[in-house]
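A short worksheet on the structure shown next.
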There are 2 protein chains.
Amino acid sequence: MQVFAMLLAVTETQWLSPDERAAWVRFTAVLELLPAALDLQLSQDAGMTHFDYFTLAMLSEAPDRVLRTSALAARTNATLPRLSRVLSRLEAAGFVDRAPDEDDRRATNVTLTEAGWEKVVETAPGHVAAVRRLVIDSLAPEQVTQLSAISTALLRQLDPEGRMLATDNDSHEQH
Amino acid sequence: MQVFAMLLAVTETQWLSPDERAAWVRFTAVLELLPAALDLQLSQDAGMTHFDYFTLAMLSEAPDRVLRTSALAARTNATLPRLSRVLSRLEAAGFVDRAPDEDDRRATNVTLTEAGWEKVVETAPGHVAAVRRLVIDSLAPEQVTQLSAISTALLRQLDPEGRMLATDNDSHEQH
DNA sequence: CCCGTTTAGTTGTAGATGCAAGTTTTCGCT
DNA sequence: AGCGAAAACTTGCATCTACAACTAAACGGG
């Protein structure tokens, strides 16, 4: 019985086919290199990380450019400790304001300041250009469509609740 | 003239179409979540990061399970300082040995120890299962093919010299 | 109305990473 | 040969992040 179980266990290990393996190796390389490339452009041209920029960008798209810290954490997929420190930095730089929520004073409302808005506006073109150069323009139009579908499929596993694709409704949920 | 130049500048900024933007937002989410998910599985099941595992895996596939530090850095896309510290850790854990190259004593040869090999062998099944669960099995077979082609196209921009897709020839280059 | 529990954030501490500077060995040129 | 420049790491320092512990506010019975 024990030998049989071991054989089963070994057999159960589903390895990757050569094609799957090749796809995975290449994709792993992209996973490693693309974030670094994006961070490089933003740190050179705007003195901030991709995460900083993304945080400001999410705020800039929120109604009234305000979001609760935890809603912002969901959109940026950050842990609360991480976001807390990033916000401290962005607040010190004058790009956001933090104020306790009037209705629930445990919560903090994060507001994009005028300076923060301007920072996004002046940083966005260069960032978009980098995204074009590194990603969109490297792909055929149908590949962009494919990448979108593939990403959607992957997010079903990675983010079943769709935190990162949250609509604006979320900020108006019941409490 | 100045107004005209400004208009040009504004016009030149190539924004993303709605489809492109949707693809990019989703892909960004994958870029953030997938590495974290892989790290989580490996740290829980094997007590190491994905980078540690990948480093050992690259060594395990090298001829004689030996690679120069800089060749390993190219395959893992690590900077030398980063790899140096990771190797110090892996060496302390007994998974690799480091020894100066006999022909060029500036260089260091990194060897996977027997313990390191066993670590890879016992860790690989769980990791492959995670890759299957999170990526391969979420996709239709043709999507795996598409992802491979897309990744190849992106790497042309990200890694023009193909460092991460290096063949074994590299370690036998002239000196 | 009060107390234990949950929620929302912040901070202490330790590990990881990048950049820049330092060290040792080799190369290239005269 | 002989010496300046380059190569292959390694280490110092500053920053970033995660995990866990901590604080403050709100909820939920009894």
Side-chain angles (χ1 to χ4, degrees), chain A residues 32-33 35-44 47-55 66-93 96-110 163 170-171 173-175, chain B residues 32-33 35-44 47-55 66-93 96-110 163 170-171 173-175:
Chain A
E32 184 76 24
L33 293 171
L38 293 173
D39 271 337
L40 182 65
Q41 181 267 322
L42 279 168
S43 77
Q44 286 180 341
M48 44 184 200
T49 66
H50 182 256
F51 185 79
D52 291 341
Y53 172 77
F54 195 72
T55 301
V66 179
L67 238 32
R68 290 169 57 139
T69 301
S70 46
L72 190 54
R75 274 172 181 65
T76 57
N77 191 50
T79 59
L80 240 19
R82 179 185 182 185
L83 184 59
S84 177
R85 283 176 161 119
V86 169
L87 287 176
S88 297
R89 200 154 26 82
L90 293 176
E91 188 177 31
V96 304
D97 274 342
R98 282 195 284 192
D101 185 290
E102 283 309 314
D103 296 334
D104 182 348
R105 301 189 57 81
R106 291 173 303 181
T108 303
N109 288 319
V110 183
R163 297 197 323 151
D170 294 8
S171 48
E173 274 175 353
Q174 312 292 337
H175 37 243
Chain B
E32 183 75 25
L33 293 170
L38 294 172
D39 272 336
L40 182 64
Q41 182 267 322
L42 279 168
S43 78
Q44 285 180 341
M48 49 185 191
T49 66
H50 181 254
F51 184 80
D52 292 340
Y53 172 77
F54 196 73
T55 301
V66 179
L67 239 30
R68 289 168 58 137
T69 302
S70 47
L72 190 52
R75 273 173 183 66
T76 58
N77 190 53
T79 59
L80 239 19
R82 177 184 184 186
L83 185 59
S84 177
R85 280 167 167 129
V86 169
L87 287 176
S88 297
R89 201 155 23 86
L90 293 176
E91 188 177 30
V96 304
D97 274 343
R98 281 195 285 193
D101 185 290
E102 283 309 314
D103 296 334
D104 183 348
R105 300 188 57 80
R106 292 172 302 179
T108 303
N109 289 319
V110 184
R163 297 196 323 151
D170 294 7
S171 50
E173 274 175 350
Q174 310 295 338
H175 38 245

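Bear in mind the structure is a predicted one, so any value in this text is a computation, not a measurement. So you know, we letter chains A, B, ... as the sequences are listed, proteins then strands, and number each from 1. Scope of the values below: all heavy atoms of this structure, side chains included, with no hydrogens, waters or symmetry mates.
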B:Arg89 CZ - D:dT11 P separation (whole Å)
15 Å
Rounded to whole angstroms, how far apart are CE on B:Met48 and P on C:dA16?
13 Å
Among B:Asn109, B:Leu83, B:Asp101, which one satisfies side-chain contact (heavy atoms from CB on, under 4.5 Å) with B:Thr69?
B:Leu83
Determine whether B:Leu72 and B:Leu87 satisfy the following criterion, side-chain contact (heavy atoms from CB on, under 4.5 Å), listing intermediate values before the conclusion.
CA-CA 10 Å; B:Leu72 190 52; B:Leu87 287 176; 4.1 Å; yes
Given that B:Asp104 and B:Ser88 both sit by DNA chain D, which one's nearest nucleotide is further toward the 5' end?
B:Asp104
Please tell me which of A:Arg106 and A:Ser84 maps to the more 5' nucleotide of DNA chain C, matching each residue to the nucleotide holding its nearest heavy atom.
A:Arg106
Distance in angstrom units between A:Asp39 CG and D:dC16 C1', rounded:
11 Å
OP1 or OP2 of D:dT10 less than 4.0 angstrom from a side-chain nitrogen or oxygen of B:Arg98, does that happen here?
yes
Do any N or O atoms of the protein come closer than 3.5 Å to N or O atoms of nucleotides 18-22 of chain C, and which pairs are they?
| residue | atom | partner | partner atom | Å |
| --- | --- | --- | --- | --- |
| C:dG18 | OP2 | B:Thr79 | OG1 | 3.1 |
| C:dG18 | O6 | B:Arg85 | NH1 | 3.0 |

Between A:Arg82 and A:Phe51, does the side-chain contact (heavy atoms from CB on, under 4.5 Å) criterion hold? Intermediate values first, please.
CA-CA 10 Å; A:Arg82 179 185 182 185; A:Phe51 185 79; 3.5 Å; yes
Side chain B:Asp39, main chain B:His50, donor-acceptor under 3.5 Å
yes
How many whole angstroms separate atom CG of B:Leu80 from atom C1' of D:dA7?
10 Å
Shortest non-hydrogen pair, A:Ser70 vs A:Leu80, comes out as CA-CD1, 4.2 Å
Can you measure B:Leu72 atom CG to D:dT10 atom C1' for me and round it to whole angstrom units?
16 Å
Inter-end axis angle, the helix from C:dC1-D:dG30 to C:dT30-D:dA1, with every axis fitted to five base pairs (rounded, 10 degrees):
20°
side-chain contact (heavy atoms from CB on, under 4.5 Å) for A:Leu42 and A:Leu38? Distances and angles first, verdict last.
CA-CA 6 Å; A:Leu42 279 168; A:Leu38 293 173; 5.5 Å; no
Given atom CG of A:Asp103 and atom C1' of D:dA26, what is their separation to the nearest angstrom?
12 Å
Whether B:Thr69 contacts D:dA8 is assessed here as follows: a side-chain N or O lying under 4.0 Å from the phosphate OP1 or OP2. Is that the case?
no
Nearest whole Å is fine: how far is D:dT23 C1' from A:Arg105 CZ?
15 Å
B:Val110 pairs by side-chain contact (heavy atoms from CB on, under 4.5 Å) with which of B:Glu91, B:Arg98, B:Arg68?
B:Arg98
Any chance you could lay out the side chain to side chain donor-acceptor pair (under 3.5 Å) test for A:Asp52 and A:Thr55, step after step, and finish with the verdict?
CA-CA 5 Å; A:Asp52 291 341; A:Thr55 301; 5.6 Å; no
Can you see if the side chain of A:Ser70 gets near the phosphate of C:dA8 - specifically, an N or O under 4.0 Å from OP1 or OP2?
no
To the nearest Å, how far apart are A:Leu83 CG and D:dT17 P?
11 Å
Indicate the atoms forming the closest heavy-atom contact of A:Leu67 with A:Ala71, along with that distance.
CG-CB, 4.2 Å
